[in-house]
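Remarks on the structure that follows.
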Amino acid sequence: MAAAAIILTLLWVYQNSGAPSEDSVDIPKTVTQDNGKTDDSLPANAGAGTETMRIPAAEGVAVEVVRPYFDSEAENGAKQAAVIQNGSEFTLHTGIDYQSKDGQPFDVLAALSGTVTRAETDPVVGKLVEITHPNGLVTVYQSLSEITVAKGVTVKQGDTIAKAGRNELEKDLGYHVHFEVRKGDSKESVNPAEYLNP
């Protein structure tokens, strides 16, 4: 409890230490993915191709954001929702977690076309797939079950790569997919909402 209070105090001080910032854009709570429509999404890398990033859920599946990306510019409530507690450790959430409205597993799709650079099992985050895209972005999908791709395989946007599963780190969420976007040589995690249709 003391550690949580310290973290929240530090977050509050950090937020209020600089010039006032505008409230961040809210992430939608429910989204229905339509496999045939990509023109509603924001470009993943403007001018670099014709694909636009899509939510990694199967066609017709209504998904909810159950844990947002940690955004230092967000309101305190949103920041608190994006902090993961694992025992006595607290971690800032580096992706967006999606869960189907009925809580059941669903097909996880490639958000963009690219090459699978990792397909493995991690004891903490569960099964994971990493896809490197021609525009320099990398998408990461964690908390998976039934991975259907292998390292080195080329996938197209919308291909099924796995099913949503469970993991040890976020076991409180049940069946979900943890979705990250990374960019640059350092592969720094960025807010996926910047690339997805708001």
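Note that the structure is predicted; figures quoted are calculated from it, not measured.
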message: If the condition is side chain to side chain contact (heavy atoms under 4.5 Å, CB included), which residues does D102 pass it with, not counting sequence neighbours?
response: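 Counting only residues at least two positions away or on another chain, D102 forms a side chain to side chain contact (heavy atoms under 4.5 Å, CB included) with S100, Q104.
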- prompt: Who are the side chain to side chain contact (heavy atoms under 4.5 Å, CB included) partners of K187, not counting sequence neighbours?
  reply: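 For K187 the side chain to side chain contact (heavy atoms under 4.5 Å, CB included) partners, ignoring immediate neighbours, are V138, R182.
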field: ring-ring contact (aromatic ring centres under 6.0 Å, His included) against F106, all qualifying residues, sequence neighbours excluded
entry: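 For F106 there are no ring-ring contact (aromatic ring centres under 6.0 Å, His included) partners, ignoring immediate neighbours.
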message: Suppose we screen for ring-ring contact (aromatic ring centres under 6.0 Å, His included). Which residues come up paired with H178, at least two apart in sequence or across chains?
response: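 Listed in chain order: H93.
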Set of salt bridge (Lys or Arg N to Asp or Glu O under 4.0 Å) partners for [X], sequence neighbours left out:
X    : value
E120 : R118
K183 : none
R166 : none

- prompt: Mind checking what makes side-chain hydrogen bond (donor to acceptor under 3.5 Å, both in side chains) contact with T117, not counting sequence neighbours?
  reply: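 Once residues adjacent in sequence are excluded, the partners of T117 under the side-chain hydrogen bond (donor to acceptor under 3.5 Å, both in side chains) criterion are E130, T132.
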- prompt: Of all residues at least two apart in sequence or in a different chain, which pass the side-chain hydrogen bond (donor to acceptor under 3.5 Å, both in side chains) check with K163?
  reply: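 Applying side-chain hydrogen bond (donor to acceptor under 3.5 Å, both in side chains) to K163 gives D107.
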Can you run down the ring pair (Phe, Tyr, Trp, His ring centres under 6.0 Å) pairs that involve [range], sequence neighbours left out, and say none if there aren't any?
range            : answer
residues 111-153 : Y141-F179
residues 148-174 : none
residues 153-177 : none

